[in-house]
Amino acid sequence: MADLLNIGVLVSGSGSNLQSIIDNIENKSLPAEIKAVISNRPDAYAITRAKKHGLPWNILEHDNFQNREEFDQELIRILKTSNVELVVLAGFMRLLTPVFLNAFPQRIVNIHPALLPSFPGIHAQKKALDYGVKFSGCTVHFIDEGIDSGPIIIQSVVPVHDDDTEDTLAARILQEEHRIYPLAIKYYAEGRIDIQGRKVRIKDAR
Ligand code: GAR
């Protein structure tokens, strides 16, 4: 069997994407090992999930740091000490500084609940509803200096229904998130991702 990819998962909330990654690892669909789960919020349910599965976890409250750079330095320290090769942002609601990006060049991925480049930033599902789009979805992408602007790895589309609320649309999108995030990490673990400028090619993807 191929080597397992060491990943670190950064979270701020419920952690349902973390759960889908854990499930895919446990059922052997994803050749990865979670070396660290780090939350910037002490009350994140994601941490309860990490504990349940015996995963190493940390809480880093950003209020305890002088500035963003110091917070990022501590994140880097934990991730490097844990031998993390790929940083996975899973509902991590905090902007990272260039200090962090430079520590893991082209090795940070994020999932966003919209079809980028539409509706970056927070409240993406509400923005899609308010705009009146007929389809939305989710995007797994690499992180760069911008907000949700890095090269796109995988997207998945869902319909928007006339009677959708923010919650019903978010739930429909989340189902797809749970499918494509582990898949994107799997492609990375298998060494099948090639980044050329903005374009990401996945070798032998159908
Ligand atoms: C997910 O919908 C994710 O796409 C979104 O937060 C939710 C986290 O859910 N992320 C962002 O909006 C990042 N800008 P989870 O904690 O249950 O995985």
Side-chain angles (χ1 to χ4, degrees), residues 7-26 30 32 34 36-53 55 57-62 68 71-72 75 86-97 100-101 104 108-131 133 135-160 164-185:
I7 64 173
V9 186
L10 307 194
V11 294
S12 301
S14 145
S16 70
N17 277 290
L18 168 67
Q19 189 67 53
S20 79
I21 294 165
I22 294 172
D23 293 345
N24 276 270
I25 290 175
E26 289 186 352
L30 176 56
I34 299 177
V37 175
I38 307 176
S39 173
N40 63 323
R41 302 188 59 99
D43 55 348
Y45 185 65
I47 291 296
T48 305
R49 297 182 194 267
K51 287 179 184 169
K52 263 190 201 161
H53 290 267
L55 298 171
W57 57 272
N58 283 274
I59 292 167
L60 283 192
E61 284 190 71
H62 44 255
R68 286 181 183 274
F71 175 87
D72 283 6
L75 269 184
L86 180 72
V87 180
V88 175
L89 309 184
F92 185 65
M93 298 308 211
R94 191 172 165 82
L95 291 179
L96 295 163
T97 67
F100 192 84
L101 302 189
F104 294 96
I108 312 167
V109 289
N110 180 43
I111 188 147
H112 182 73
L115 292 175
L116 293 171
S118 293
F119 315 123
I122 56 170
H123 306 308
Q125 301 94 334
K126 180 172 189 315
K127 287 178 192 161
L129 271 184
D130 290 350
Y131 197 92
V133 293
F135 292 91
S136 190
C138 47
T139 305
V140 181
H141 64 97
F142 285 101
I143 287 286
D144 67 7
E145 320 68 46
I147 293 179
D148 299 323
S149 58
I152 292 171
I153 306 169
I154 308 184
Q155 293 186 299
S156 182
V157 180
V158 305
V160 179
D164 264 334
T165 61
E166 196 180 339
D167 286 347
T168 58
L169 179 59
R172 194 173 308 120
I173 293 172
L174 209 46
Q175 272 195 336
E176 287 305 296
E177 295 187 36
H178 298 162
R179 190 176 66 79
I180 68 170
Y181 213 5
L183 187 60
I185 300 166

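Predicted, not measured: the structure shown is a model, and the values here were computed from it. Quick note: numbers below take in every heavy atom, side chains included, and nothing from hydrogens, waters or symmetry partners. Just follow the structure's listing: the first ligand is 1, and inside any ligand the first atom is 1.
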Donor-acceptor contact below 3.5 Å, side chain [X] vs main chain [Y]:
X: Ser136; Y: Ala114; value: no
X: Asp72; Y: Thr97; value: yes
X: Lys127; Y: Pro120; value: yes
X: Arg94; Y: Asn40; value: no

Query raised in the report: Given Met93, Arg94, His123, Arg49, which has its nearest heavy atom closest to atom 11 (C) of ligand 1?
Result: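 It is Met93 whose heavy atom sits nearest to atom 11 (C) of ligand 1.
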Query raised in the report: So between Gly15, Pro120, Gly91, Cys138, whose heavy atom ends up nearest atom 8 (C) of ligand 1?
Result: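 Result: the heavy atom closest to atom 8 (C) of ligand 1 is in Gly91.
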Which residue holds the protein heavy atom closest to [atom], what is that atom called, and what is the gap in Å?
atom: atom 9 (O) of ligand 1; result: Asn17 ND2, 4.1 Å
atom: atom 3 (C) of ligand 1; result: Glu177 OE1, 3.3 Å
atom: atom 10 (N) of ligand 1; result: Ile111 O, 3.7 Å
atom: atom 14 (N) of ligand 1; result: His112 ND1, 3.6 Å
atom: atom 17 (O) of ligand 1; result: Ser16 OG, 2.6 Å

Query raised in the report: By side chain to side chain donor-acceptor pair (under 3.5 Å), which residues pair with Lys126, not counting sequence neighbours?
Result: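 Applying side chain to side chain donor-acceptor pair (under 3.5 Å) to Lys126 gives Asp130.
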Requested in this report: Could you tell me whether Asp148 and ligand 1 have an N or O pair separated by under 3.5 Å?
Outcome: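 No, there is no polar N/O contact under 3.5 Å.
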Query raised in the report: Got an N/O contact under 3.5 Å between Asn110 and ligand 1?
Result: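 No: no nitrogen or oxygen of Asn110 is under 3.5 Å from one in ligand 1.
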**Report entry** Leu174 and ligand 1 - part of the residue with a heavy-atom distance under 4.0 Å
**Finding:**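 Contact part for Leu174 vs ligand 1: side chain (C-beta onward).
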Requested in this report: Would you please name every residue forming a side-chain contact (heavy atoms from CB on, under 4.5 Å) with Val133, sequence neighbours left out?
Outcome: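 Checked Val133 against side-chain contact (heavy atoms from CB on, under 4.5 Å); matches are Phe119, Ala128, Tyr131, Val160.
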Requested in this report: Answer yes or no: are there more than 12 heavy-atom neighbours, outside His62 itself, under 6.0 Å from its atom NE2?
Outcome: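 Yes, because the 6.0 Å sphere around NE2 of His62 holds more than 12 heavy atoms from other groups.
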